[in-house]
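Okay, structure first, notes after.
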2 protein chains.
Amino acid sequence: MANADTSQRILDIAERLVQTRGFNGFSYADIAAALNVTKASLHYHFPAKADLGQQLIERYERNFLAALQRIDEESKDARAKLRRYAALYREVLDNNRMCLCGMLAAEFATLPKSMREDVRHFFDANERWLAAVLQEGKRDRSLRFSGPAAQVAQTLLGGLEGAMMIARSYGDVARFEATCDRLLDDLES
Amino acid sequence: MANADTSQRILDIAERLVQTRGFNGFSYADIAAALNVTKASLHYHFPAKADLGQQLIERYERNFLAALQRIDEESKDARAKLRRYAALYREVLDNNRMCLCGMLAAEFATLPKSMREDVRHFFDANERWLAAVLQEGKRDRSLRFSGPAAQVAQTLLGGLEGAMMIARSYGDVARFEATCDRLLDDLES
DNA sequence: GTCTATAGGTGGATAGAC
DNA sequence: GTCTATCCACCTATAGAC
């Protein structure tokens, strides 16, 4: 059976590489060098690059959803939840990374089908969570917006992903934070 | 001297490839196949891929700025200008493409230095134009917003780029338009 | 300007020893 | 599980004939 720890370490390195360079911007050789193993042994854990990519997204989504659940449990209202959601993105950017799925969305046309479906699944899950929080915010009066919550959720997701991508081009986290504040202030007014 | 027409046709193909697949997602072989020439003859026009990439961005920005100037000349007020600005993005998406520089922003870490600078230059030019239009909208009362125009401009640019990228993953232009409307309605209220 | 031919490197992936 | 060795396809790029 595959050593779970080794697989996880491979995924850790690969995740960083995809988030910084993109799925088409790294190779098995890069991971091998970082882990001091041969390319061949990577193929034992992930036979094809598409397998590696798919497991990357699925692990990323599991971890992300776990973080969202912690936010649900620990936040006092919907407004606080949104602020912590945005903070998740900022933490990624702090490490000079792009959201894994935001990066893959750019490369979408070149991805194997299984990865495409997983990317969309991640976005869907994010939007569902955001829409639920927005609805909750309307009830508890901590948030204010017009139109369907699902549409606000899409705008928020796109706004954060886009701001992240551009801010990374400038190596300027403050830039991301400013956009973040604008997007959220708007819902809190 | 290089045949200008051939160079332009090469750039046309390359532009489409970058906008759909990314700079690391295509090769000289792809262009050669589309144009029915050999890879070697492409190197006559663009010795290295970095040269091709740089000229791609610079031509893209020239064309984009020309479009912005037409908008300036033909629009009745700032509000109309913003709507036409957003329409530029939608037209790109209609062709199943991503904004050239939005795509390159994702691959930023893997780009040659000259291309990085050009990508940022494109964003800078966009933000300057947007900020000027926003200021104008404040004067002519066709737009309403709080805080610095430059910050609203950044939020708008990021919002459009992000919405574009995600909408393309779903092959759903309507999704982009909905986000667009939300972003702009907000400034017109 | 475009071609043939090729160099020199790297990509993902596999076979089989240990 | 990891290794050596290797395959083959593809990559960017160049030399030199036409």
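Please read these numbers as outputs of a predicted model, since none were measured by experiment. Values below: all heavy atoms of this structure, side chains included; hydrogens, waters and symmetry mates excluded. Residue numbers begin at 1 in each chain, while the letters A, B, ... track the order of the sequences.
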Phosphate OP1/OP2 of [N]: any [X] side-chain N/O under 4.0 Å:
{"X": "A:Ser27", "N": "C:dT10", "answer": "no"}
{"X": "A:Thr38", "N": "D:dT4", "answer": "no"}
{"X": "A:Thr6", "N": "D:dT2", "answer": "yes"}
{"X": "B:His43", "N": "C:dT2", "answer": "no"}

Value in whole Å for how far the [atom2] atom of [N] lies from [atom1] of [X]:
{"X": "B:Phe26", "N": "D:dC10", "atom1": "CZ", "atom2": "P", "answer": "17 Å"}
{"X": "B:Lys49", "N": "D:dA13", "atom1": "NZ", "atom2": "P", "answer": "9 Å"}
{"X": "A:Leu42", "N": "C:dG11", "atom1": "CG", "atom2": "C1'", "answer": "14 Å"}
{"X": "A:Ile31", "N": "C:dT10", "atom1": "CD1", "atom2": "C1'", "answer": "15 Å"}
{"X": "A:His45", "N": "C:dA13", "atom1": "NE2", "atom2": "P", "answer": "16 Å"}
{"X": "A:Leu35", "N": "D:dC3", "atom1": "CG", "atom2": "C1'", "answer": "15 Å"}
{"X": "B:Asp5", "N": "C:dT2", "atom1": "CG", "atom2": "P", "answer": "10 Å"}
{"X": "B:Phe23", "N": "D:dT12", "atom1": "CZ", "atom2": "P", "answer": "9 Å"}

Review point. Picking from B:Met165, B:Met164, B:Met98, what satisfies side chain to side chain contact (heavy atoms under 4.5 Å, CB included) with B:Leu93?
Key: B:Met164
When you measure from the side chain of [X], which nucleotide among [options] comes out closest?
{"X": "A:Ala40", "options": "D:dA5, D:dA15, D:dT12", "value": "D:dA5"}
{"X": "A:Tyr28", "options": "C:dT2, D:dA13, C:dG12", "value": "C:dG12"}
{"X": "B:Lys39", "options": "C:dG12, C:dG11, D:dT12", "value": "D:dT12"}
{"X": "B:Tyr44", "options": "D:dT4, C:dA13, C:dT2", "value": "C:dT2"}

Check your understanding: In this structure, are over 12 heavy atoms from other groups packed under 6.0 Å from A:Glu117 atom CD?
Key -> yes
Review point. How is A:Phe46 classified with respect to the nucleic acid when contacts are heavy atoms under 4.0 Å: base, sugar-phosphate, or nothing?
Key: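 It contacts nothing in the nucleic acid.
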Practice item. For the pair A:Arg139 (side chain) and A:Leu134 (backbone), establish whether a donor and an acceptor sit closer than 3.5 Å, ignoring hydrogens and angles. Key: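 Pair absent, no side-chain N/O of A:Arg139 close to backbone of A:Leu134.
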Point to revise | Backbone of B:Ala153 reached by a side-chain donor or acceptor of B:Glu127 within 3.5 Å | key: no
Point to revise | B:Arg182 and A:Gln154: side chain donor to acceptor below 3.5 Å | key: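 Distance-only check fails for B:Arg182 and A:Gln154.
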